[in-house]
Number of protein chains: 2
Amino acid sequence: MEKATKTIEKILEDNNLKNTKGHFNVLSVLIKEKHPLSVENVGKKISIKINTTTLYRILDKLSKKGIIYQTTFLDGKTYYEYQKHHHHHITCTKCGIKNKVDFCVSKEIEKINIKKAGFVEINDHVLEFFGVCKKCQKK
Amino acid sequence: MEKATKTIEKILEDNNLKNTKGHFNVLSVLIKEKHPLSVENVGKKISIKINTTTLYRILDKLSKKGIIYQTTFLDGKTYYEYQKHHHHHITCTKCGIKNKVDFCVSKEIEKINIKKAGFVEINDHVLEFFGVCKKCQKK
DNA sequence: ATTGTTAATGCAAATCATTTGCATTAATGT
DNA sequence: ACATTAATGCAAATGATTTGCATTAACAAT
């Protein structure tokens, strides 16, 4: 058994999730992938036949357990990725690919602006960039 | 005829839009309102009886003409507002109200990060804060 | 003021992403 | 091997939004 396989099984076990084809393969797809994927994207990349409802349920469960992360992008769809920490993305407006971006709004700036806007508590923020990726520019 | 009425009629005329009850009242609601409103929100605030499809069409048309602005928030719904310039919001996670925020990511920072992420062209960015508004904190 | 052209509107049905209900199946502890 | 309960599949429901099509209302030309 390879290392990746072991890791996935360990993750599932640690989170009280059964080691099913669904759980295993969804997680496998997301671990390999470095971009956020929509539910449909995951469905296309997965190597087993899986019902869409089940896919929705697995992704939802994994994100609720904190194993994967969820974002809603401007297309109104939900995207998932295997990334431990808060971060942002840049989306290609031609092909839709989403890369990670290092920049983040500091807690300081968050605090100042939230106060200015008449809010009291800070929870979170979402930041998304849009541009054209190298591949698409070449076309 | 009041000033506000004149202004709306002028806007419609300048954009080759007929001065219908629909156009007039939708624009009137958005001009008065300082927060972004969902289609449903506009429907509730409008003083005439209007079909939902028509409402969608009017809002879409106004935003395509550049008269109003459109954003998709994390609830996956489309919001509209009458605001001329690029800006961001803070959304109350309790009641959903959306206020304007002054902070913005500079062109410099945008450029640096887009290059780092392997992208070539910069188009735009979206930034949304989440917190609790004063009203909701008091409750 | 009347008419013609075209945009604007309303209604029903379609679409798209996502969710729910319910019956069946499979994974894991005993 | 068996029981328990989670996981899955399928059909139908939901909610936001869009489309097709027929009707109506604005506005420009007469």
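Order of the sequence lines sets the chain letters (A, B, ...), proteins ahead of strands, with each chain counted from 1. What you see below is based on every heavy atom in this structure, not just the backbone, and it leaves out hydrogens, waters and symmetry mates.
Side-chain N/O atoms of Asn99(A) and His35(A) include a donor and acceptor closer than 3.5 Å.
Distance from the side chain of Leu17(B) is smallest to dA8(C) among dT9(C), dT20(C), dA8(C). Relative to the side chain of Lys18(B), the nucleotides dT9(C), dT6(C), dT19(C) differ in distance, and dT6(C) lies closest. Residue Lys77(B) places its side chain closer to dT17(D) than to any other of dG10(C), dT17(D), dG9(D). Here the nucleotide nearest the side chain of Thr78(A), chosen from dT19(C), dC21(D), dT18(C), is dT18(C). Counting only heavy atoms from C-beta on, Val39(A) has its side chain closest to dT18(C) among dT18(C), dT9(C), dT19(C).
With Asp60(B) contributing its side chain and Tyr56(B) its backbone, the two residues share no donor-acceptor pair below 3.5 Å. One N or O on the side chain of Asn51(A) and one on the backbone of Thr53(A) form a donor-acceptor pair closer than 3.5 Å.
Evaluated for a side-chain contact (heavy atoms from CB on, under 4.5 Å) with Ser28(A), the options Thr7(A), Ile48(A), Ile8(A) yield exactly one hit, Ile8(A). Considering Lys100(B), Glu128(B), His125(B) in turn, His125(B) is the only one that fulfils the side-chain hydrogen bond (donor to acceptor under 3.5 Å, both in side chains) rule with His88(B).
Taking atom NZ of Lys49(B) as the reference point, atom P of dT24(D) lies 14 Å away to the nearest angstrom. Rounded to a whole Å, the NZ atom of Lys65(A) is 10 Å from the P atom of dA6(D). Separating the NZ atom of Lys64(B) from the C1' atom of dT18(D) is a distance of 11 Å, rounded to the nearest angstrom. Summarising the geometry, the separation between CG on Leu55(A) and C1' on dT19(C) is reported as 14 Å, rounded to the nearest angstrom. Atom pair Leu12(A):CG and dA6(D):C1' shows a separation of 13 Å (rounding to whole Å applied). Between the NZ atom of Lys61(A) and the P atom of dT8(D) there is a distance of 7 Å, given to the nearest Å. One can place CD of Gln70(A) at 12 Å from C1' of dT18(C), the figure rounded to the nearest angstrom. To the nearest angstrom, P of dT25(C) lies 16 Å from CZ of Arg57(A).
Contact annotation: Tyr56(B) reaches the phosphate of dT17(D) (side-chain N/O to OP1 or OP2, under 4.0 Å). OP1 and OP2 of dT9(C) both lie 4.0 Å or more from every side-chain N or O belonging to Asn51(B). Within the structure, every side-chain polar atom (N or O) of Thr53(A) is placed at least 4.0 Å from both OP1 and OP2 of dG9(D). Listed pair His23(A) / dA6(D) fails the phosphate criterion, with no side-chain N or O lying under 4.0 Å from OP1 or OP2.
In terms of position along DNA chain C, the nucleotide closest to Ile50(B) lies nearer the 5' end than the nucleotide closest to the other residue of the pair Ile50(B) and Thr52(A). Comparing Lys21(A) and Gly22(B) along DNA chain C, the residue whose closest nucleotide (by nearest heavy atom) sits nearer the 5' end is Gly22(B).
The 12-atom threshold is exceeded at NZ of Lys65(A), counting heavy atoms of other residues, nucleotides or ligands nearer than 6.0 Å.
Using a 4.0 Å heavy-atom criterion, one finds that Ser38(B) contacts no nucleic acid atom at all. Within 4.0 Å (heavy atoms only), Thr20(B) reaches sugar-phosphate atoms of the nucleic acid but no base atom.
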